[in-house]
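What follows is a set of notes on a single structure, which appears directly below.
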Amino acid sequence: MKQHETAEIRKAFAFEETDDNAHLSSKLGIQRYVMMADQIKKILGDGRILDWGCGAGQMSYLLKNRGLDVTSCDIRSGNRPLLEGIGQSVQQLTDQVKLPFTDASFDAVLSSGVLEHVNDQFASLKEISRILKDGGYFFVYMLPNRYSYVEFISDLLGRGDHPVKYSLKEIRGIVEQTGFEVSRMGYQNF
């Protein structure tokens, strides 16, 4: 199944590679997302998950393929060929913080490359906490590393698009300050 997923993702973005989705045209970039989806499935098992800031939809696609009940949402509109191909709709967000879901409505929330782009990270994290069931999971991936040489070089070249960068200590402090318990942390990429 994973080879099929990689081929589908590459096919969906091969015709319109942009800076926003360049990571989805490389096999290595896609394999990182497949690994993330496998980790989430292993930890969560089954359940309802919100793909918060779903972007191009690659994680919603992969999680749905693993049998999870996925709700996709994003502040940005646009075409999402992967999601259109599987009939997955995207809830259009109209507020930078407030989410249009009832309290305790999700078993998990996924933030993949999103948290560093929100206007108010503390208010956003409190809102995530509100919609999570007791004992729910908040999966955070793809946070820009404050000490990454890739981030440093991207900023030097004027190509950096991460307004906030984190160390492990900083992100632990932020999420714990908003009531989350950190169960696992680590660096990904370089």
Side-chain angles (χ1 to χ4, degrees), residues 20 23 28-60 62-63 66 68 70-76 93 95-99 101-156 159-190:
D20 285 345
H23 60 289
L28 180 61
I30 296 167
Q31 287 173 343
R32 289 188 317 189
Y33 290 106
V34 169
M35 178 198 70
M36 289 164 34
D38 288 342
Q39 286 175 347
I40 291 169
K41 176 63 177 174
K42 183 177 179 180
I43 292 168
L44 185 59
D46 293 318
R48 187 166 184 224
I49 186 167
L50 175 67
D51 187 358
W52 177 53
C54 69
Q58 70 276 10
M59 286 303 297
S60 292
L62 293 168
L63 292 170
R66 282 152 182 76
L68 293 169
V70 180
T71 299
S72 309
C73 70
D74 205 294
I75 198 84
R76 291 189 290 176
L93 300 177
D95 189 286
Q96 290 283 333
V97 174
K98 180 78 175 133
L99 296 171
F101 307 108
T102 59
D103 294 356
S105 56
F106 291 95
D107 299 296
V109 174
L110 168 64
S111 169
S112 177
V114 175
L115 190 58
E116 70 274 15
H117 295 287
V118 301
N119 292 335
D120 184 341
Q121 61 190 359
F122 291 103
S124 292
L125 289 171
K126 286 180 183 175
E127 185 67 358
I128 296 294
S129 181
R130 180 188 68 78
I131 65 169
L132 272 174
K133 293 179 181 177
D134 285 342
Y137 293 95
F138 181 37
F139 296 101
V140 181
Y141 288 93
M142 304 292 194
L143 281 176
N145 178 350
R146 176 177 302 286
Y147 305 111
S148 165
Y149 75 85
V150 173
E151 292 288 337
F152 176 76
I153 292 170
S154 292
D155 288 346
L156 277 178
R159 298 200 68 206
D161 65 348
H162 296 127
V164 180
K165 297 171 186 67
Y166 305 91
S167 70
L168 288 177
K169 182 179 179 181
E170 288 167 330
I171 193 61
R172 177 183 288 277
I174 291 166
V175 297
E176 287 179 346
Q177 199 173 1
T178 52
F180 290 96
E181 178 184 320
V182 177
S183 63
R184 188 180 337 165
M185 293 182 76
Y187 288 108
Q188 187 177 352
N189 303 333
F190 293 101

Within residues 35-55 or reaching into it, pairs that qualify as ring pair (Phe, Tyr, Trp, His ring centres under 6.0 Å) - sequence neighbours excluded: none
Supply the atom-to-atom distance Ser112 OG to Arg32 CZ, rounded to the nearest 0.5 angstrom. 9.0 Å
Quick one: does Asp74's side chain get under 4.5 Å of Leu93's, heavy atoms only? no
Rounded to the nearest 0.5 Å, how far does CD1 of Ile40 lie from CE of Met35? 9.5 Å
Could you go through the side-chain contact (heavy atoms from CB on, under 4.5 Å) check for Thr71 and Asp51 one step at a time? CA-CA 6 Å; Thr71 299; Asp51 187 358; over 6 Å; no
On a heavy-atom basis, the closest approach of Ala108 and Leu44 is CB-CD2, 3.8 Å
What closest approach, in Å, do Phe138 and Val140 show between heavy atoms, and which atom pair accounts for it? CE2-CG2, 3.5 Å
Look at atom OH of Tyr137 and say whether more than 12 heavy atoms of other residues, nucleotides or ligands are closer to it than 6.0 Å. no
Where do Asp95 and Ile75 come nearest, in terms of heavy atoms and distance? O-CD1, 3.6 Å
Is any side-chain heavy atom of Leu62 closer than 4.5 Å to one of Lys41? no
Please evaluate residues Ile43 and Phe139 with respect to the criterion side-chain contact (heavy atoms from CB on, under 4.5 Å), reporting the C-alpha separation (whole Å), side-chain torsions for both, the decisive distance (0.1 Å), and the verdict. CA-CA 10 Å; Ile43 292 168; Phe139 296 101; 3.9 Å; yes
To the closest 0.5 Å, what do you measure between CE (Met36) and CD (Gln58)? 7.5 Å
Is there a side-chain contact between Leu132 and Val109 (heavy atoms, below 4.5 Å)? yes
Heavy-atom pair with the smallest gap, counting every atom of Lys165 and Glu170: O-OE1, 3.9 Å
CD1 (Ile171) and CG (Asn145) are apart, to the nearest 0.5 Å, by 11.5 Å
What is the distance from atom CD1 of Ile128 to atom OG1 of Thr178, rounded to the nearest 0.5 Å? 10.0 Å
Are the side chain of Lys133 and the backbone of Ala104 linked by a donor-acceptor contact shorter than 3.5 Å? no
Any salt bridge between Asp107 and Arg48, counting N to O under 4.0 Å? no
Check: Tyr166 and Gln121 side chains under 4.5 Å, non-hydrogen atoms: yes
For the residue pair Cys73 and Leu50, what are the closest heavy atoms and their distance? SG-CD1, 3.6 Å
Under 3.5 Å donor-acceptor, Arg130 side chain and Leu125 backbone: no
Donor-acceptor pairs under 3.5 Å, side chain of residues 113-120 to any protein atom, not counting sequence neighbours: which ones?
| residue | atom | partner | partner atom | Å |
| --- | --- | --- | --- | --- |
| Asn119 | ND2 | Gln96 | OE1 | 3.2 |
| Asp120 | OD1 | Phe122 | N | 3.3 |
| Asp120 | OD1 | Ala123 | N | 3.1 |

Check against side-chain contact (heavy atoms from CB on, under 4.5 Å), Tyr141 and Ser111: CA-CA 6 Å; Tyr141 288 93; Ser111 169; over 6 Å; no
Side-chain (Glu176) to main-chain (Gly173) donor-acceptor, under 3.5 angstrom: no
Interatomic distance, Leu68 atom CG to Ile49 atom CD1 [nearest 0.5 angstrom]: 6.0 Å
Under the side-chain contact (heavy atoms from CB on, under 4.5 Å) rule, what do Ser105 and Thr102 come out as? Steps first, then yes or no, please. CA-CA 6 Å; Ser105 56; Thr102 59; 3.4 Å; yes
Are Cys54 and Met59 packed together at the side-chain level, in the sense that at least one heavy-atom pair is separated by less than 4.5 angstrom? no
